[in-house]
2 protein chains.
Amino acid sequence: MTIPKQSLRRKEITTVAAKLFKKHSFDRTTVRMIAKDAGIKSGSLFHHYKDKEEILYAVIEQGLSGALDTLKKTIKETNSAEENLKAAILRQLKTLHGKDKDAHIVSIIEWSSLDEASRQQLIVIRDEYEAHWQYIIDAAISEGLLQGQPRLQRLFVLGSLNWTIHWYKPKHGVQIEDTADEFYRFITKSG
Amino acid sequence: MTIPKQSLRRKEITTVAAKLFKKHSFDRTTVRMIAKDAGIKSGSLFHHYKDKEEILYAVIEQGLSGALDTLKKTIKETNSAEENLKAAILRQLKTLHGKDKDAHIVSIIEWSSLDEASRQQLIVIRDEYEAHWQYIIDAAISEGLLQGQPRLQRLFVLGSLNWTIHWYKPKHGVQIEDTADEFYRFITKSG
DNA sequence: TTGATTACCTAGCGCTTGCTTGGTTAAAAT
DNA sequence: ATTTTAACCAAGCAAGCGCTAGGTAATCAA
């Protein structure tokens, strides 16, 4: 049987899989590749997961949960709407480009590789994540930092940030903080 | 032999493939699916293309070239930097969500499915496309419509627009023009 | 001491995949 | 009238894929 949903070993393998899914995509990553990097034989994977798709599910859950936790903390740690927005932008960029990036990037890119049932389960976390962002955006609009339709503002802001996965390359010299600052000025610049 | 690079039939099949690649992704679209929708047997596909990857190449080339032509026309038709920017935003959204969207969306999403050699060839069109956008952004900065580092401004703007492929659903009632207007206000709003 | 549980391995099955080979037919060119 | 070319089909091969079955060794509770 498979059953053990929260073992340490499973988490390790999930992290290995996240790295591969991000590098090669889900479809082009074979179970043999995952097994090799995890140091086991391919058949042994199915002791931990019932099928390959469950590995993707585990990766995406890890990515979404991690990002949600970070976002929650960020909101708690700040006081004004401006601080909130600034901090959330920086956190989002760090989530996408910091050391735990793999799982979260996979959760964005491979969402459509999940089957409908898995998506229905994970959408709960995703919705909560978006709701927290919406809260930040709404507050920013109330303070006059942003103007316009709340939902569209959130989609524009998050879209720009998420799109950085397609072009941002960390370099020594250019810090992610600089990009975050420039982006904050990009979306506000009213005062 | 394969040789006929610009036949009418090839264009038809490429369009069929674009639709499937957008709906199911490149990897999950089989040559048998493409053949069926094109009304031929799967083996016959290889009379028109040397392998499956060449079909993707054809789709992406179609998508990029189409978008580039449209962008060039848009720049010619307008006069001021403001008109230029407004028009380019609307055209970009129409390219992504209008009737010829498939090939262009595939050119964005499946870029990483190409092998290195194909990418090297197509990067020329892509660079020209980005250069035209940079021209529009630079002009907008000169006029004071935007502020900041030119390259980052372009990436932020295009990122937001391209990200709409993940959420925009055309509805009767809400027009794409409204979204374009709201986006223009989102990125400018200095005056 | 025994029995269950966890974590693996060995070996390979069955299926789908991209692609090939050798032919056919109809139209166009000579 | 004959040859060439373009566009297809029929049949199937080889490779790679996800996944399974049956077994072993170590750990741990009863």
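Just so we're on the same page: letters track the sequence lines, and every chain starts at 1.
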Starting from [atom2] on [N], measure out to [atom1] on [X] and report it in whole angstrom.
X     : N      : atom1 : atom2 : result
B/L56 : C/dC19 : CG    : P     : 12 Å
A/H47 : D/dA21 : NE2   : P     : 16 Å
A/I55 : D/dC17 : CD1   : C1'   : 13 Å
B/L45 : D/dA6  : CG    : P     : 18 Å
A/E54 : D/dG18 : CD    : P     : 15 Å
A/M33 : D/dC19 : CE    : P     : 16 Å
B/R9  : C/dA27 : CZ    : P     : 16 Å

Can you find a side-chain donor-acceptor pair between A/N162 and A/Q92 that sits under 3.5 Å?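 Distance-only check passes for A/N162 and A/Q92.
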Indicate the atoms forming the closest heavy-atom contact of [X] with [Y], along with that distance.
X      : Y      : value
A/I75  : A/H132 : CD1-CD2, 3.7 Å
B/R10  : B/A58  : NH2-CB, 3.9 Å
A/I137 : A/P150 : CG2-O, 3.9 Å
A/A140 : A/L85  : CB-CD2, 4.0 Å

In the structure I gave you, are the side-chain heavy atoms of B/L146 and A/K189 within less than 4.5 Å of one another anywhere?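 Answer yes - side chains close enough.
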What's the separation between atom CD1 in B/I176 and atom CG in B/L90, rounded to the nearest 0.5 Å?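 So the gap between those two atoms works out to 7.0 Å.
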Within residues 36-44 of chain A, which residues have any heavy atom lying less than 4.0 Å from an atom of DNA chain D?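 Hits under 4.0 Å, by residue number: A/S42, A/G43.
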Basic-acidic side-chain contact under 4.0 Å: [X], [Y]:
X     : Y      : answer
B/E77 : B/K72  : no
A/E82 : A/K86  : yes
A/K94 : A/E177 : yes

Considering only nitrogen or oxygen atoms on both sides, find all protein atoms under 3.5 Å from nucleotides 15-18 of chain C and state each distance.
from	atom 1	to	atom 2	distance (Å)
C/dG18	OP1	B/K52	NZ	2.9
C/dG18	OP2	B/V31	N	3.1
C/dG18	N7	B/R32	NH1	3.1
C/dG18	O6	B/R32	NH2	3.1

Have a look at the helix from C/dT1-D/dA30 to C/dT30-D/dA1 and give the angle its two end axes make, five pairs each, rounded to 10 degrees.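 Axis angle across the helix from C/dT1-D/dA30 to C/dT30-D/dA1, nearest 10°: 0°.
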B/F156 and A/F186 aromatic ring geometry - parallel, tilted or perpendicular at 30°/60° bounds: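 Tilted.
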